Amino acid sequence: MSMEIVRVPDIGSDDAVDVIEVSVKVGDQLAEETTIVVLESDKATVEVPSPKAGTVKKLLVKTGDRVKQGDPLLELEAGAEAAVSAEKASAEKPVEDKPAANKPAEPERTAEIPERLEKDAAEPPVVARQPAKPTPAAAPSAQSAQAEASSAAAHAGPAVRKLCREMGVDVAAVTGTGPRGRVLQEDVHSWVKQRLAEPGVGSGGMSGLPALPEMDFSRFGPVERVELNKLRKVSAANLHRSWLTIPHVTQHDLADITELEAFRQSENARLGKEGVKLTMLAFLVRVCAVALAKFPRFNSSMTVDGEALIEKRYIHIGVAVETENGLMVPVLRDADKKGIVQIAAEVSELAAKARNRKLTPADMQGGTFSISSLGGIGGTAFTPIVNWPEVAILGVSKSEMMPRWNGSEFEPRLMLPLSLSYDHRVIDGADAARFITYLNQLLTDMRRALL
Ligand code: CAO
């Protein structure tokens, strides 16, 4: 048996560092590698392990001291007896019950670090550590520094922190049930279990947002609960997923459709009641098909891993249809290969099928772009939600006569509000502006589609 002074090892710097935790007390029997102190420099937090098994005879530092390589930390009575006692103590008691200093740290394995000493209880909680030998961390980015700071403030041992890192859990988010709020391994496991049980998590919808609390509205007045049908629930889930996963931007514009509307009305008059009614929506489907052929990125989807775009060589346009049961988006196939009369007939047929609940799943699949027209109802603009896996959607509002300056005077012109929402991961703002400008030009003068 021999008395030894345990000193600060090589910590990768000659500068003094802070002792932020003394993890043992006099009389503790240590196993080799038990953490005895935690040091913190500007760049890293370092646990100093005991070089051998033994009994702590005297502490030579306290929390708040500043030490350098070679400075004494404690007196250790090293020897076989102490080591055996330490092992015996470990074997006899369950991990969570062990007295602080008897618990082997084994930062790369699963044990907890020793409990904090009573004298430290009033001090700030344990900070983040790096196990074993000091490895100065790279300077954190400004963004990660905040997250690190809150994780660092959590009261948790290295094994639990390692578990959190492996499971992608922010230790600061886990409520600790150990002494003084210490986060235990089982706390991490139950936190993960809870998160997995939350709605939407299994389908990849984990937003990291706190769950909304249930509200008892009857406290404020009479209420009635109306159950949602399946269509509304599915559509709500899809809209929510798109809203949370796609960074949306909406580009607005006003298209001069004075000539187009005059043409539409004259054609409808010519075709008469027997013919297909040419709707503004049919023209919009047609011009969108032309624009999608010119701007293929708007007709693409991003792979889930974000590594590539899948550009589709077909143009199938979904049309949002309001029904009694909720919103449906039947798809008009090969819009680029069809004339406006045929598009008008097919859109009218799809809308009727939607309202009569006759759409098949195939009628609603394969869309590459969507149009949502509220023009028959009203409003000046809105921000439609991209219908994932598509990357853009055109919202159409009610056309209105507006004074437009023609260079020498104001003229009344029929202006159609367009609102193009797009996935900004896939489409740049400049391209969106080009796309909507092109749509605008086509609507103003359809002859451009021939060019
Ligand atoms: N500006 C002014 N008037 C318009 C217009 C516009 N942009 N679009 C249509 N109208 C007029 C039409 O001219 C028509 O009037 P007339 O009967 O006098 O000719 C009237 O509005 C109804 O139009 P419509 O029957 O031709 O229908 P539509 O082509 O506008 O719309 C459909 C068809 C299926 C899109 C529509 O019925 C619908 O369901 N719209 C709602 C879509 C929706 O809910 N979108 C929101 C999705 S996001 O929550």
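For clarity, every value in this text was computed on a predicted model and none was experimentally measured. For ligands, and for the atoms within them, numbers begin at 1 and follow the listed sequence.
Of the candidates V319, L374, L350, it is L374 that places a heavy atom closest to atom 43 (C) of ligand 1. The residue among Q265, E261, R355 with a heavy atom at the shortest distance from atom 37 (O) of ligand 1 is R355. Of the options P384, S372, G379, the smallest heavy-atom separation from atom 45 (N) of ligand 1 is shown by S372.
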Would D363 and T360 count as a side-chain hydrogen bond (donor to acceptor under 3.5 Å, both in side chains) if you check the C-alpha gap in whole Å, the side-chain angles of each, and the deciding distance to 0.1 Å?
CA-CA 5 Å; D363 287 330; T360 62; 3.2 Å; yes
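Proximity of L278 to F283: side-chain heavy atoms (C-beta onward) are separated by under 4.5 Å at one or more points.
With R448 contributing its side chain and L443 its backbone, the two residues share no donor-acceptor pair below 3.5 Å. Between the side chain of N356 and the main chain of K358, no donor-acceptor pair closer than 3.5 Å is present. S421 places no side-chain N or O within 3.5 Å of a backbone atom of T383 that could act as its donor or acceptor partner.
Remark: distances from the non-hydrogen atoms of S397 to ligand 1 include one below 4.0 Å. The closest approach between any non-hydrogen atom of S373 and ligand 1 is below 4.0 Å. Within the 4.0 Å heavy-atom shell around ligand 1 one finds K277.
Looking from atom 39 (O) of ligand 1 to the surrounding protein, the closest heavy atom is E322 N, 2.9 Å. Among protein heavy atoms, atom 49 (O) of ligand 1 sits closest to L327 CD2, 4.0 Å. Looking only at heavy atoms of the protein, atom 1 (N) of ligand 1 is closest to S399 N, 2.8 Å. Counting protein heavy atoms only, atom 31 (O) of ligand 1 is closest to L281 CD2, 4.2 Å.
If you look at I385 next to ligand 1, there are no close heavy atoms at all, none under 4.0 Å. Here R264 has side-chain heavy atoms under 4.0 Å from ligand 1, and that is the only part of it that gets that close.
Under 3.5 Å, the side chains of E390 and S370 contain a donor-acceptor pair of N or O atoms. Residues T368 and H316 have side chains that never bring a donor and an acceptor to within less than 3.5 angstrom of each other. Side-chain contact annotation: S242 with N238, donor-acceptor N/O pair under 3.5 Å absent.
Closer than 4.0 Å to atom 13 (O) of ligand 1 lies at least one heavy atom of the protein. Of the protein's heavy atoms, none falls inside 4.0 Å of atom 28 (P) of ligand 1. Counting only heavy atoms, the protein gets under 4.0 Å from atom 3 (N) of ligand 1. Protein heavy atoms are found inside the 4.0 Å sphere centred on atom 10 (N) of ligand 1. Under the 4.0 Å distance rule, the nearest protein heavy atom to atom 18 (O) of ligand 1 falls outside the cut-off.
Under the salt bridge (charged side-chain N to carboxylate O under 4.0 Å, His left out) criterion, K338 pairs with E346, sequence neighbours left out. For D428, there are no salt bridge (charged side-chain N to carboxylate O under 4.0 Å, His left out) partners two or more places apart in sequence or in a different chain.
Less than 4.0 angstrom separates some heavy atom of L416 from each of these atoms of ligand 1: 7 (N). Shown in contact with V321 at under 4.0 Å from a heavy atom are these atoms of ligand 1, numbered in order with element: 34 (C), 39 (O). Below 4.0 Å from some heavy atom of T279 lie the following atoms of ligand 1, by number and element: 26 (O), 29 (O). Which parts of ligand 1 touch G376 is read off a 4.0 Å heavy-atom cut-off, strictly below it: atoms 4 (C), 5 (C), 8 (N), 9 (C), 10 (N), 11 (C), 21 (O).
Checked for salt-bridge contact, R297 and D431 miss the test: no charged N lies under 4.0 Å from a carboxylate O. Using a 4.0 Å cut-off between a side-chain N of Lys or Arg and a carboxylate O of Asp or Glu, R264 and E267 do not qualify as a salt bridge.
With values rounded to the nearest 0.5 angstrom, T380 atom OG1 is found 8.0 Å from E400 atom CD.
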